[in-house]
Amino acid sequence: MNQKDRDRITVGLCLLTWNEIEGCKHDVPLIDKNQFDQIYCIDGGSTDGTCDYLSKQGIEVYRQSHKGYNSACKEAAFRCKCDAFIIFHPKGTISVKNIYKFRSYFEQGYELVVASRMGKNAHNEEDDRMFRPRKWFVLLLALAAKILYQREGNMIWDVLHGFRGMTLLAFRKMAVSNFPMSFDIETCCRAYKFQIKRMEFPVWEKKRIAGETHFKAISCGWNFIKYLLWELSRKD
């Protein structure tokens, strides 16, 4: 093995699914599996054939051990056999081409990388509307997280986008909690607190091609606010 191979960062791609058969049929055939050192899925209890479809595509599927979004993301890290992993939700909303961008950022030393639907050259599914409640709420949460926790480094604007990647070392340092639904914003806040090198790059989001979101706006929004306040009193 030459020095280049020894220095190469290994990257795993984890699909998070829960009844996303149509999204998987759209996205998975477009994935170049040779670009990753591991491809696997954490499934939250699909009953629509998602797991069977992915298995036939040669993707190892793990049934989620414990309920909840945080548990799914933590299991994605537990099942990772690489230096870093990417979490991707195959819903047909984001171009698969974006999953290939993460490796270069990891190689540049970034430990948390977020695919952002906010800011220049990015597009949120609400951007074509005059009223954009979800987008504005995300931006307000991002500002709150910045005020409360950022002391150095890059700011993350899309604190609620689940399409993100991180090194295993950074994940372990963050010590993500079991607070309900907090994983995305929590990894941003913890990256601020522990000075984990981070960045985001723009992506273009479209409406999902089938099904409905599993994240209800009001209940999830209130939970995110409670998390930010809880983090203030958390003993690190």
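Here the structure is a predicted model, which means the values were calculated and not measured.
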J.: Looking only at atom types and distance, does a side-chain atom of R103 sit under 3.5 Å from a main-chain N or O of Q35, one as donor and one as acceptor?
T.: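 Present.
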J.: Would a distance-only check, ignoring hydrogens and angles, find a side-chain to backbone donor-acceptor pair under 3.5 Å from D48 to I21?
T.: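 The answer is yes, because a donor-acceptor pair under 3.5 Å joins these two groups.
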J.: Could you pull out every donor-acceptor pair under 3.5 Å between side chains of residues 170-177 and any protein atom, sequence neighbours left out?
T.:
from : atom 1 : to   : atom 2 : distance (Å)
S177 : OG     : F179 : N      : 3.1
S177 : OG     : E186 : OE1    : 2.9
S177 : OG     : E186 : OE2    : 3.2

J.: In Å and rounded to the nearest 0.5 Å, what is the CG to SG distance from L16 to C73?
T.: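 Taking CG in L16 and SG in C73, the distance rounds to 5.0 Å.
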J.: If you compare all heavy atoms of C41 against all heavy atoms of L54, which two are closest, and at what distance to 0.1 Å?
T.: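 Looking at all heavy atoms of both residues, the closest pair is SG-CD1, 3.6 Å.
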J.: Determine whether a donor-acceptor pair (N or O, by modelled atom type, separation under 3.5 Å) exists between the side chain of N19 and the backbone of T47.
T.: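 Yes, because the side chain of N19 sits within donor-acceptor range (under 3.5 Å) of the backbone of T47.
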J.: For N70 and S182, what are the C-alpha separation, side-chain angles and deciding distance, and is it a side chain to side chain donor-acceptor pair (under 3.5 Å)?
T.: CA-CA 7 Å; N70 275 35; S182 66; 3.0 Å; yes
J.: Is the shortest distance from a Lys or Arg side-chain nitrogen in E152 or R198 to a carboxylate oxygen in the other one below 4.0 Å?
T.: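 Here E152 pairs with R198 in a salt bridge, since their nearest N and O are under 4.0 Å apart.
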J.: Are W230 and V159 connected, step by step, through hydrophobic side chains (Ile, Leu, Val, Met, Phe, Trp, Tyr) whose heavy atoms are closer than 4.5 Å?
T.: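 Yes, W230 and V159 fall within the same hydrophobic cluster.
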J.: If two hydrophobic side chains count as joined below 4.5 Å and joins carry through other members, does W204 share a cluster with I94?
T.: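 In one cluster with W204: I94, no.
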J.: I want to check something: taking the side chain as every heavy atom from C-beta on, are F36 and I99 in contact at a cut-off of under 4.5 Å?
T.: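 When only atoms from C-beta onward are counted, I99 and F36 do touch, with a gap below 4.5 Å.
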J.: State which residues pass side chain to side chain contact (heavy atoms under 4.5 Å, CB included) with R129; sequence neighbours excluded, sorted by chain then number.
T.: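 R129 satisfies side chain to side chain contact (heavy atoms under 4.5 Å, CB included) with E126, K207 only.
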J.: Can you confirm whether F194 is buried at CZ, in the sense that more than 12 heavy atoms of other residues, nucleotides or ligands lie under 6.0 Å from that atom?
T.: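 Atom CZ in F194 is packed in, count exceeds 12.
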J.: To the nearest 0.5 Å, what is the distance between OG on S116 and CG on N98?
T.: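 Here the rounded value is 11.0 Å.
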J.: Locate the shortest heavy-atom distance separating Q38 from K81; write the atom from each residue and the value.
T.: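 Smallest interatomic distance, heavy atoms only, reads OE1-N, 2.8 Å.
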J.: Quick one: are D184 and H161 in side-chain contact, heavy atoms under 4.5 Å?
T.: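 Answer no - side chains too far apart.
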J.: Please round to the nearest 0.5 Å and tell me the distance separating atom NZ of K197 and atom CD of Q108.
T.: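 It is 7.5 Å, given to the nearest 0.5 Å.
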J.: Determine, stepwise, if the pair R79 / C14 fulfils side chain to side chain contact (heavy atoms under 4.5 Å, CB included).
T.: CA-CA 9 Å; R79 297 291 184 180; C14 178; over 6 Å; no
J.: Give a yes or no on whether V114 and L140 share a hydrophobic cluster (residues Ile, Leu, Val, Met, Phe, Trp, Tyr; joining criterion: side-chain heavy atoms under 4.5 Å apart).
T.: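 In one cluster: no.
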J.: Looking only at heavy atoms, what is the nearest atom pair of R132 and D127, with distance?
T.: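 Shortest heavy-atom contact: NH2-O, 3.3 Å.
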J.: Looking only at heavy atoms, what is the nearest atom pair of C24 and T50, with distance?
T.: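 The answer is SG-CG2, 3.9 Å.
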J.: Any salt bridge linking R190 with E231? Criterion: basic side-chain nitrogen under 4.0 Å from a carboxylate oxygen.
T.: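 Looking at R190 and E231, the cut-off is met.
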J.: About how many Å separate CG of L160 and NZ of K135, when rounded to the nearest 0.5 Å?
T.: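 Atom-to-atom, K135:NZ and L160:CG are 13.5 Å apart.
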J.: Please give the remaining members of the hydrophobic cluster of W136, linking ILVMFWY side chains under 4.5 Å, ordered by chain and number.
T.: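 Answer for W136: F131.
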J.: Run the side chain to side chain contact (heavy atoms under 4.5 Å, CB included) test on M118 and L139 for me, step by step, so that the C-alpha distance in whole Å, both residues' side-chain angles and the decisive distance to 0.1 Å come before the verdict.
T.: CA-CA 8 Å; M118 311 294 166; L139 294 175; 4.0 Å; yes
J.: Are the side chains of E20 and H89 in contact, using a 4.5 Å heavy-atom criterion?
T.: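 They are not in side-chain contact.
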J.: If you round to the nearest 0.5 Å, how far is CG of L143 from CG of L148?
T.: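 L148 CG to L143 CG: 10.5 Å, rounded to 0.5 Å.
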J.: Nearest heavy-atom pair of Y53 and P29: which atoms, and what distance?
T.: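 Heavy-atom minimum between the residues: OH-CG, 3.5 Å.
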J.: Look at the side-chain heavy atoms of Ile, Leu, Val, Met, Phe, Trp and Tyr, link any pair under 4.5 Å apart, and say whether Y192 and I225 land in one connected group.
T.: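 Result: yes, single cluster for both.
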J.: With heavy-atom distances below 4.5 Å as the criterion, would you say the side chains of I196 and M166 are in contact?
T.: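 A side-chain contact is absent here, since even the closest heavy-atom pair is not under 4.5 Å.
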J.: Is any side-chain heavy atom of E111 closer than 4.5 Å to a side-chain heavy atom of L169?
T.: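 No - every pair of side-chain heavy atoms lies 4.5 Å or more apart.
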J.: Holding to ring-ring contact (aromatic ring centres under 6.0 Å, His included), I want the full list of residues that pass it with F201, two or more places apart in sequence or in another chain.
T.: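 Scan of F201 (ring-ring contact (aromatic ring centres under 6.0 Å, His included), adjacent residues dropped) gives F102, Y105.
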J.: To the nearest 0.5 Å, tell me how far K74 NZ sits from N178 CG.
T.: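 Answer rounded to 0.5 Å: 3.5 Å.
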J.: Could you check whether atom NZ of K33 has more than 12 heavy atoms from other residues, nucleotides or ligands sitting under 6.0 Å from it?
T.: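 Counting neighbours around NZ of K33, more than 12 heavy atoms of other residues, nucleotides or ligands fall under 6.0 Å, so yes.
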J.: Contact between D158 and V203 at the side-chain level, heavy atoms closer than 4.5 Å - yes or no?
T.: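 A side-chain contact under 4.5 Å is absent here.
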J.: List the residues meeting side chain to side chain contact (heavy atoms under 4.5 Å, CB included) with T10, not counting sequence neighbours, and say none if there are none.
T.: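 Listed in chain order: R8, D37, C82, D83.
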J.: Answer yes or no: does atom NZ of K97 have more than 12 heavy-atom neighbours from other residues, nucleotides or ligands under 6.0 Å?
T.: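 Counting neighbours around NZ of K97, 12 or fewer heavy atoms of other residues, nucleotides or ligands fall under 6.0 Å, so no.
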J.: Consider only side-chain heavy atoms of I, L, V, M, F, W and Y, link residues closer than 4.5 Å, and tell whether L13 and L30 are in one cluster.
T.: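 Yes, because L13 and L30 connect within a single hydrophobic cluster, where side-chain heavy atoms sit under 4.5 Å apart.
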J.: Considering non-hydrogen atoms only, spot the tightest contact between S55 and V61 and give its length.
T.: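 Answer, listing the atom of S55 first, then V61: OG-CG2, 3.8 Å.
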J.: Evaluate W18 against Y69 for side chain to side chain contact (heavy atoms under 4.5 Å, CB included), listing each step before the verdict.
T.: CA-CA 11 Å; W18 182 13; Y69 181 63; over 6 Å; no
J.: List in chain and number order the residues that pass ring-ring contact (aromatic ring centres under 6.0 Å, His included) with F88, two or more places apart in sequence or in another chain; answer none if no residue qualifies.
T.: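 Checked F88 against ring-ring contact (aromatic ring centres under 6.0 Å, His included); matches are F163.
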J.: Would you please test L228 and Y149 for side chain to side chain contact (heavy atoms under 4.5 Å, CB included) and show each step?
T.: CA-CA 10 Å; L228 283 175; Y149 303 113; 4.1 Å; yes
J.: Is there side-chain contact between C51 and R63, with at least one heavy-atom pair below 4.5 Å?
T.: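 With C-beta onward as the side chain, the pair touches.
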